[in-house]
There are 2 protein chains.
Amino acid sequence: MRVISKSGEYGLRALLHMASNQDNERFFNIREMSDELDISFHFLTKILQVLTQKGILQSYRGPNGGVGFLKSAEEITLAELVRALEGDDFFDKCLLGLPGCGERQPCPMHAYWMGIRNNLKDEFETTSLADLGKNTRLQHLRLIA
Amino acid sequence: MRVISKSGEYGLRALLHMASNQDNERFFNIREMSDELDISFHFLTKILQVLTQKGILQSYRGPNGGVGFLKSAEEITLAELVRALEGDDFFDKCLLGLPGCGERQPCPMHAYWMGIRNNLKDEFETTSLADLGKNTRLQHLRLIA
DNA sequence: ATATTTGCAGACAAAATACTCTTAATTCTT
DNA sequence: AAGAATTAAGAGTATTTTGTCTGCAAATAT
């Protein structure tokens, strides 16, 4: 079940890394992160750029530059992040890929799938990056292979 | 949420189409299906070939040839079909794509994601193609755009 | 038998995704 | 003011996925 794309995985990992740090206000050097997480620097840069454009991160250039949370990690839900990384329709897509699938013109999987999908959405909507980050730190969970 | 690939979508749609037919024993002409479902003939052929190789379908060549269920649609679970289409590890993959993620070396999302994943697996495991097909037929649900 | 219809198999092409490289813009340091 | 460090932006490359084409193999019909 590849729920998210490779760039989605990378973005999520990077932000979990940031959120697992004690200091939530801190700016993170992208090069350091790409080294630690073993993700291509330029590729990660691009992914984080998107998150900056979408108002989840802020960035500064120059020496000691980097990226940091714009909102606090408590206010960023997993759902919001995933939507930013994978597209706004992430939680609305038809399992069979049929355009315009919905209550009016449901596919055979629609009702069934909507239940599962909404469940996931609720879960992701009520989970903050801070939660996941704190857990990561306290339990020393790994973000690398 | 792109849970399944394009070829997975096509395979699922084709088999739902077959399962929604009254006659479960029938053989279906691939060309007719590709026309009705608006899927590339050769591409669909390839997808169904895989299902034939995996023992879900059987096929016959020649005039009036086609593909039909090997087991009855009652015995084919959605989980089995999706595994055949998307790979056996479909319900086991790490959300962050980390190899070897598991109880011993969990990623930050592991426990969380495992819950959601297993839920989906249970749902898919207890849903048969026949169920979905019957529903499709009785409610005239659409399998095309 | 021969021709026709169908699925099988593999090569090829196009599109999407993943990744790399180069240059520009910004910030800091001295 | 000059230079170094860092992110932004965009072009370019590689890999994977998706889709097409051509010929072969099997079954049927005549």
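In what follows, every chain begins at residue 1, and chains take the letters A, B, ... in the order their sequences are listed. Everything quoted here is computed from the prediction, not taken from an experiment.
Separating the CG atom of B:D38 from the P atom of D:dT20 is a distance of 10 Å, rounded to the nearest angstrom. In this structure, the CD1 atom of B:I39 is 12 Å from the C1' atom of D:dG19, given to the nearest Å. Between A:L48 atom CG and D:dA9 atom P there is a gap of 13 Å when expressed in whole angstrom units. Here C:dT17 presents its C1' atom at 14 Å from NZ of B:K6, a figure rounded to the nearest Å. Distance, B:L44 CG to D:dT18 P: 14 Å, rounded to whole Å. If you take CZ of B:F41 and C1' of D:dT18, they are 17 Å apart, rounded to a whole angstrom. Distance, B:L85 CG to D:dT18 P: 12 Å, rounded to whole Å. For the pair A:N29 CG and D:dA4 C1', the computed distance is 14 Å after rounding to whole Å.
Between B:Q49 and the phosphate of C:dA9, there is a side-chain N or O to OP1/OP2 separation shorter than 4.0 Å. B:S7 has a side-chain polar atom (N or O) that falls below the 4.0 Å cut-off from OP1 or OP2 of D:dT18. In terms of phosphate contacts, A:S59 brings a side-chain nitrogen or oxygen within less than 4.0 Å of OP1 or OP2 of D:dA8.
Among the heavy atoms of the strands lying under 4.0 Å from B:Q53 are primed sugar atoms or P, OP1, OP2 only; no base atom is included. Counting any heavy atom pair closer than 4.0 Å across all strands shown, B:E9 reaches no nucleic acid atom. Nucleic acid contact for B:Y10: sugar-phosphate only, since backbone atoms but no base atoms lie under 4.0 Å from a heavy atom of the residue. Across all strands shown, A:Y60 has heavy atoms under 4.0 Å from sugar-phosphate atoms exclusively, and none from any base.
Over its full length, the helix from C:dA1-D:dT30 to C:dT30-D:dA1 turns its helical axis through 0°, comparing axes from the five pairs at each end and rounding to 10°.
Figure legend: A:R83 and A:F90 shown without cation-pi pairing, the cationic atom not lying both under 6.0 angstrom from the six-membered ring centre and within 45 degrees of its axis.
In this structure a side-chain-to-backbone donor-acceptor pair under 3.5 Å is missing from B:D122 to B:N119.
Position along DNA chain C of the nearest nucleotide to A:S40 versus B:G62 favours B:G62 as the more 5'-ward residue. Checking A:P63 against A:T52, the closest nucleotide of DNA chain D that is more toward the 5' end is the one next to A:P63.
Heavy atoms from other residues, nucleotides or ligands lying under 6.0 Å from CG of B:D23 number more than 12. With a 6.0 Å radius and a threshold of 12 heavy atoms from other residues, nucleotides or ligands, A:K93 has its NZ atom above the threshold. The neighbour count for A:F27 CZ, taken as heavy atoms of other residues, nucleotides or ligands under 6.0 Å away, is above 12.
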| From CA spacing to verdict: side-chain contact (heavy atoms from CB on, under 4.5 Å), A:M109, B:L16 | CA-CA 10 Å; A:M109 306 293 304; B:L16 286 172; 4.2 Å; yes
| request: Assess whether side-chain contact (heavy atoms from CB on, under 4.5 Å) is satisfied between B:L95 and B:Y112, documenting all intermediate values. | output: CA-CA 10 Å; B:L95 181 66; B:Y112 187 85; over 6 Å; no
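Contact record, A:K71 with A:F69: O-CB, 3.0 Å, taken as the closest heavy-atom pair.
Considering only the side chain of A:H42, C:dT20 comes nearest among C:dT20, C:dA18, C:dT29. For B:K46, taking side-chain heavy atoms from C-beta onward, the closest of the listed nucleotides D:dT18, D:dT7, C:dA11 is C:dA11.
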